[in-house]
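All values below were derived from every heavy atom in this structure, side-chain atoms included, with hydrogens, water molecules and symmetry-related copies excluded.
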Amino acid sequence: MDVSFDEVSYTYASGVEAVKRVTLEIPSGQRIAIVGQNGAGKTTLVRHLNGIFQPTSGKVHVGDWTTTGHTIAELSARVGYVFQNPDEQLFARKVIDDVAFGPKNLGFDQDRADALVAAALEQTGLSAEAETHPHHLSLSERKRVALAAVLAMDTPVVVLDEPTTGQDEHGVRMIADIVAKLQSEGRTVVAITHDMDFCAENFERVVVMAQGEVLADDAPAVVFAEDAILAAARVEAPQLARLADALGWAKRPLTVDAFVDSLPAHRR
């Protein structure tokens, strides 16, 4: 399901213009990361996809729908949104009830709902916690409950707001596997992240925002080579790219595999 922002601007009631004439086309099945410092407009922009915000000007399309013509409830069938703070999303007394709420609310038949809930719990490593109260879990586990709740809704578009925050290495790898699986199923993944290593390793397109505007939009290798843009957005390149700079390498590998492949050319 294609997603598009057409000259979208958004101004808060306070008068702050958080998003300024943003135009983006996101083809179905793409993995796209949006990066930038706090206050860049990332979350405000992406919350237009599920109708939490409506543009002050411009249009947002999710598939053949214009978001201004549909309610949040309607859009939730197309866009699953995992909030940065899971406590904004979780409300039930059992993990399984939180995860099952979306499929039930969307009217899925019982067999399909049960299968989706079981798969979502397994993918997020939470099958053993199905009967646990979410607030008896750690922050990283609660974030995975919120992720499972969205996965169980089986939406064609999935939005992840800071998915790796609080996750250990195992959790980060699990989320990376989920992102890859979603794309393999033809689903669109939009992530907001400050984790540049996770971004470079798992997304094919990076959008850099600052002060409500898009400064760059390209493949990770291109975006993370633009020092002036990164500085303007107060974004650091991935750690391996910075290490390559410190070693005086002409090119910046972004992943472990690329770094290892580059080593023979720099041996003395």
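Here Glu131 pairs with Lys94, Ile96 under the side-chain contact (heavy atoms from CB on, under 4.5 Å) rule; sequence neighbours left out. Partners of His136 according to the ring-ring contact (aromatic ring centres under 6.0 Å, His included) rule, which considers only residues two or more places apart in sequence or in another chain, are His133. A search for side-chain contact (heavy atoms from CB on, under 4.5 Å) contacts involving Ala73 returns Thr71, not counting sequence neighbours. Ser57 meets the side chain to side chain donor-acceptor pair (under 3.5 Å) test with no other residue; sequence neighbours excluded. In terms of the side-chain contact (heavy atoms from CB on, under 4.5 Å) criterion, residue partners of Ser184 (sequence neighbours excluded) are, by chain and number, Lys181. Qualifying side-chain contact (heavy atoms from CB on, under 4.5 Å) partners for Asp177, counting only residues two or more places apart in sequence or in other chains: none. Residues passing the side chain to side chain donor-acceptor pair (under 3.5 Å) test with Asp6: none are found, sequence neighbours excluded. For Trp249, the ring-ring contact (aromatic ring centres under 6.0 Å, His included) partners at least two apart in sequence or on another chain are Phe259, His266.
For the pair Thr66 (side chain) and Gly69 (backbone), a donor-acceptor distance under 3.5 Å is absent. Judged purely by atom type and a 3.5 angstrom limit, Thr124 has no side-chain atom pairing as donor or acceptor with the backbone of Ala148. A donor-acceptor pair under 3.5 Å links the side-chain atoms of Asp98 to the main chain of Phe91, judged by distance alone. Looking only at distances, no side-chain donor or acceptor of Gln37 sits under 3.5 Å from a matching main-chain atom of Ala233. Between the side chain of Arg242 and the backbone N or O of Ala237 there is at least one donor-acceptor pair closer than 3.5 Å. Not one N or O on the side chain of Arg187 forms a donor-acceptor pair closer than 3.5 Å with the backbone of Leu182. No donor-acceptor pair under 3.5 Å is formed between the side chain of Thr132 and the backbone N or O of Pro134.
Side-chain contact check for Leu254 versus Leu240: every heavy-atom pair is 4.5 Å or farther apart. Leu126 has its side chain within reach of Val145: a pair of non-hydrogen atoms, C-beta onward, lies under 4.5 Å apart. Taking 4.5 Å as the limit, every side-chain heavy atom of Pro86 sits out of range of all side-chain heavy atoms of Gln89. Looking at Leu247 and Asp245, their side chains never come closer than 4.5 Å, going by heavy atoms from C-beta outward. Residues Thr67 and His61 fail the side-chain proximity criterion, which asks for heavy atoms closer than 4.5 Å. Annotation: side chain of Ser76 is in contact with side chain of Leu106 (closest heavy-atom distance under 4.5 Å). Under the 4.5 Å side-chain criterion, counting only non-hydrogen atoms from C-beta, Tyr12 is in contact with Thr44.
Minimum interatomic distance between Ala120 and Val99 (heavy atoms only, all atoms of both residues): CB-CG1, 4.2 Å. Between Val35 and Met196, the closest heavy-atom pair is CG1-CE, 3.5 Å. Among all heavy-atom pairs drawn from Pro103 and Val117, the shortest one is CG-CG2, 4.3 Å.
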field: Met209 vs Leu215, side chain to side chain contact (heavy atoms under 4.5 Å, CB included): CA-CA, chis, key distance, verdict
entry: CA-CA 6 Å; Met209 291 188 67; Leu215 301 187; over 6 Å; no
message: Run the side-chain hydrogen bond (donor to acceptor under 3.5 Å, both in side chains) test on Asp2 and Ser28 for me, step by step, so that the C-alpha distance in whole Å, both residues' side-chain angles and the decisive distance to 0.1 Å come before the verdict.
response: CA-CA 4 Å; Asp2 295 345; Ser28 180; 4.7 Å; no
message: Please determine whether side chain to side chain contact (heavy atoms under 4.5 Å, CB included) holds for the pair Leu137 and Val95, giving the CA-CA distance in whole Å, both sets of side-chain angles, and the decisive distance to 0.1 Å.
response: CA-CA 10 Å; Leu137 300 174; Val95 166; 3.8 Å; yes
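The side-chain contact (heavy atoms from CB on, under 4.5 Å) test with Leu49 is passed by exactly one of Leu75, Val79, Ile26, Thr188: Val79. Partner of Pro163 under the side-chain contact (heavy atoms from CB on, under 4.5 Å) criterion, chosen from Val82, Ile175, Val179: Ile175.
By the 6.0 Å contact criterion, CD on Gln211 is open, its count of non-hydrogen atoms from other residues, nucleotides or ligands being 12 or less. Counting heavy-atom neighbours within 6.0 Å of His135 NE2, excluding the residue itself, gives a total above 12. Under a cut-off of 6.0 angstrom, the local environment of CZ in Arg173 is sparse, with at most 12 non-hydrogen atoms contributed by other residues, nucleotides or ligands.
Val189 and Met174 fall within the same hydrophobic cluster, where Ile, Leu, Val, Met, Phe, Trp and Tyr residues are linked whenever their side-chain heavy atoms come under 4.5 Å apart, directly or through other members.
Here the two rings, on His48 and Phe5, have centers that are 6.0 Å apart or farther.
For the ring-ring contact (aromatic ring centres under 6.0 Å, His included) condition, the pairs that include at least one residue of residues 187-218, sequence neighbours left out, are Phe198-Phe203. Within the structure, salt bridge (Lys or Arg N to Asp or Glu O under 4.0 Å) pairs that include any residue of residues 49-75 comprise Asp64-Arg78 (at least two apart or interchain).
Side-chain atoms of Ser138 and Ser140 include a donor-acceptor pair closer than 3.5 Å. With hydrogens and angles left out, the side-chain atoms of Glu204 and Gln183 include a donor and acceptor closer than 3.5 Å.
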Please tabulate, for side-chain N and O atoms in residues 149-161, each donor-acceptor pair with protein atoms closer than 3.5 Å (sequence neighbours left out).
| unit_1 | atom_1 | unit_2 | atom_2 | d |
| --- | --- | --- | --- | --- |
| Asp154 | OD2 | Arg112 | NH2 | 2.9 |
| Thr155 | OG1 | Gly80 | N | 3.2 |
| Thr155 | OG1 | Val157 | O | 2.8 |
| Asp161 | OD2 | Thr43 | OG1 | 3.2 |
| Asp161 | OD2 | Tyr81 | OH | 3.4 |

For residues 216-226, which side-chain donor-acceptor pairs fall under 3.5 Å, sequence neighbours excluded?
| unit_1 | atom_1 | unit_2 | atom_2 | d |
| --- | --- | --- | --- | --- |
| Asp217 | OD1 | Arg205 | NE | 2.7 |
| Asp217 | OD2 | Arg205 | NH2 | 2.8 |

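In summary, Arg31 and Glu201 do not engage in a salt bridge, as defined by a charged side-chain N under 4.0 Å from a carboxylate O.
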